[in-house]
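Read through the structure below, which is laid out as structure tokens, and then see the notes.
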Amino acid sequence: MRTRRTGAGATRYEPGGLLGSAGPVGVMLTVESLVKHYRGRGGGVVRAVDGVSFSVRRGETLGVVGESGCGKSTTATMVVRLDDPTSGRILLDGEDITRARGARLRSVRRRIQLLFQDPYSALNPRLTVERTLAEVLQVHGLGRDDAARRARVDELLSLVGLSGSVARRYPHQLSGGQRQRVGIARALVVSPEVLVLDEPVSALDVSVRAEVMNLLARLQGELGLTYLFISHDLGMVRHISDRIAVMHLGRIVELGTWRQVSDSPLHPYTRALQDAVPVPDPEAEARRAAPVVVGDVPDAAHPPSGCRFHPRCAYAEDVCQRDDPLLREVGAGRFAACHFAERLES
């Protein structure tokens with residue numbers, strides 16, 4: 001296993017990214033053919049998630065990236081069992097948790113936690129930080145008494161880089177970065193094995209995003225956590241992910257290691273996301289090729305025939321309108337749902 005120090009200061013290993021193989025460290029989270037359809041206006045069906053499959057190894061970070069409305073957050077809520085899938089399976093360390101209920105579901109939720117996107121609305125404004133964290137301990141029957149719970153709260157605050165005085169404050173007395181650190185502490189109260197991070201820094205000022213990203217990387221190393229990191233920003237995802245899955249209109253269209261996906265994408269949609277990442281040098285930005293995508297995201301209730309990306313793709317041919325490409329392996333550990341992936345690779 002090789003490690004690499006990223007620009008954000010995080011340590012990352014580079015496993016041979018596979019779609020479903022356990023590999024040397026084993027699979028912690030598996031999603032198989034996950035589907036979520038909603039009843040839309042006029043009786044139509046909104047295909048929010050339409051057959052998503054992936055696996056995340058123990059201690060690994062899988063980044064899931066795509067535009068708003070592609071199904072990323074819906075996938076996240078199903079994985080943590082806040083929403084029921086229409087079909088498909090979710091396995092946590094080999095255990096099928098798709099239909100877990102009651103006490104079994106509470107046990108599952110101690111092993112997999114969700115970090116919400118907006119730290120401003122995720123915390124109860126009427127509770128101090130101490131009460132927010134202690135309440136989770138009480139719900140799960142953790143901590144012998146008030147003194148033990150207070151000690152655990154202090155431990156958690158220290159773990160996320162906050163002083164003990166923060167425990168007595170209310171959310172409105174904290175900065176955005178402090179609130180998100182409290183949110184991370186709350187997710188860690190029950191000592192989970194998996195964290196699902198849904199746009200965890202998108203609501204924060206640019207100046208504090210790197211601090212929170214570095215904190216997440218440090219906690220993963222110290223606690224052996226497995227991350228499912230969801231974002232619309234390919235540039236952000238590459239700084240923390242071992243592998244990246246690109247979603248478009250409810251489906252994964254490309255999957256590979258962070259370097260494969262970000263440096264040499266095989267799907268036109270991934271190339272468009274890469275083109276959207278700003279370049280700090282104005283002259284280099286001016287020399288960049290024009291984006292290969294036009295138009296808006298299609299309606300999930302009425303997806304295009306064939307490849308769902310073909311109406312916006314500069315490379316589309318007749319076959320793209322007729323045949324829906326499957327996610328297939330293109331080279332070792334690389335997967336793409338494009339008829340012309342090999343052509344784009346060259």
Side-chain angles (χ1 to χ4, degrees), residues 26 28-29 56 58-59 61 76-77 79-83 90-97 99-198 200 211-212 214-228:
M28 188 67 210
L29 177 68
V56 191
R58 189 181 300 275
T61 298
T77 56
V79 166
V80 298
R81 299 293 292 104
L82 292 177
D83 199 1
I90 304 163
L91 287 81
L92 182 62
D93 200 16
E95 176 189 355
D96 190 340
I97 64 170
R99 304 299 172 188
R101 293 289 186 274
R104 181 164 174 253
L105 180 56
R106 287 194 295 274
S107 176
V108 166
R109 286 178 174 162
R110 288 183 60 172
R111 302 181 64 193
I112 183 168
Q113 285 281 305
L114 174 67
L115 179 62
F116 294 95
Q117 173 180 354
D118 186 2
Y120 297 94
S121 61
L123 302 176
N124 189 331
R126 299 182 179 181
L127 298 182
T128 64
V129 170
E130 181 176 11
R131 285 192 59 193
T132 295
L133 301 181
E135 189 176 69
V136 181
L137 290 167
Q138 289 177 317
V139 166
H140 288 276
L142 302 173
R144 300 183 308 276
D145 49 32
D146 289 343
R149 284 189 283 270
R150 280 195 297 271
R152 176 60 173 158
V153 168
D154 289 342
E155 178 186 359
L156 288 164
L157 292 178
S158 176
L159 186 64
V160 298
L162 294 173
S163 66
S165 63
V166 170
R168 298 185 294 275
R169 299 181 190 175
Y170 290 87
H172 74 272
Q173 297 174 308
L174 305 176
S175 67
Q178 288 174 321
R179 293 183 198 184
Q180 193 61 300
R181 288 173 185 264
V182 172
I184 295 170
R186 182 174 60 181
L188 296 176
V189 166
V190 293
S191 301
E193 299 166 79
V194 180
L195 285 187
V196 178
L197 309 163
D198 187 7
E211 295 178 6
V212 174
N214 287 339
L215 171 63
L216 291 170
R218 176 175 64 80
L219 292 172
Q220 184 176 38
E222 292 179 0
L223 305 178
L225 296 167
T226 301
Y227 286 165
L228 183 64

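Treat the numbers as computed from the prediction; the structure is a model and nothing was measured.
Between the NE2 atom of His140 and the OG atom of Ser191 there is a distance of 11.0 Å, given to the nearest 0.5 Å. Atoms CD and CG, from Gln220 and Leu215 in turn, are 11.5 Å apart once rounded to the nearest 0.5 Å. The distance from atom CD of Glu193 to atom CG of Leu29, rounded to the nearest 0.5 Å, is 11.0 Å. Expressed to the nearest 0.5 Å, how far CG of Leu219 lies from OH of Tyr227 amounts to 5.0 Å. Here CG of Leu156 is found 7.0 Å from CG of Leu137. Values are rounded to the nearest 0.5 Å. One finds the CG atom of Leu159 at 6.5 Å from the CD atom of Glu222 (value rounded to the nearest 0.5 Å).
In this structure, Leu133 and Ala185 approach most closely via the heavy-atom pair CD2-C, 4.0 Å. Residue Asp198 comes nearest to Leu114 through the heavy atom pair CB-CD1, 4.1 Å, listed as atom of the first residue, atom of the second, then distance.
The main-chain N or O of Tyr170 is never found under 3.5 Å from a side-chain atom of Thr128 such that the two would form a donor-acceptor pair. A donor-acceptor distance shorter than 3.5 angstrom exists from the side chain of Arg81 to the backbone of Ala100, with no hydrogens or angles considered. Panel note: side chain Gln113, backbone Arg109; a donor-acceptor pair is recorded below 3.5 Å.
The environment of CZ in Arg152 is crowded: more than 12 heavy-atom neighbours from other residues, nucleotides or ligands sit within 6.0 Å. Shown here is Arg101, whose CZ atom has more than 12 heavy atoms of other residues, nucleotides or ligands within 6.0 Å.
Side-chain contact check for Asn124 versus Arg131: every heavy-atom pair is 4.5 Å or farther apart. Thr77 is not listed as a side-chain neighbour of Val196, based on a closest heavy-atom distance of 4.5 Å or more.
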For residues 174-183, which side-chain N or O atoms pair as donor and acceptor with protein atoms under 3.5 Å away, sequence neighbours left out?
| from | atom 1 | to | atom 2 | distance (Å) |
| --- | --- | --- | --- | --- |
| Ser175 | OG | Gln178 | N | 3.2 |
| Ser175 | OG | Gln178 | OE1 | 3.4 |
| Gln178 | OE1 | Ser175 | N | 2.9 |
| Arg179 | NE | Pro171 | O | 2.9 |
| Arg179 | NE | Leu174 | O | 3.2 |
| Arg179 | NH2 | Pro171 | O | 3.2 |
| Gln180 | NE2 | Phe116 | O | 3.4 |
| Gln180 | NE2 | Pro200 | O | 2.6 |
| Arg181 | NH1 | Val160 | O | 2.6 |

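Between Arg149 and Glu130, none of the side-chain N atoms (NZ, or NE/NH1/NH2) sits under 4.0 Å from a carboxylate O, so this pair counts as no salt bridge.
With respect to Met28, the side chain to side chain contact (heavy atoms under 4.5 Å, CB included) criterion is satisfied by exactly one of Ile112, Leu228, Asp93, Leu225: Asp93.
Contacts of Asp145 classified as side-chain hydrogen bond (donor to acceptor under 3.5 Å, both in side chains), with partners at least two apart in sequence or in another chain: none.
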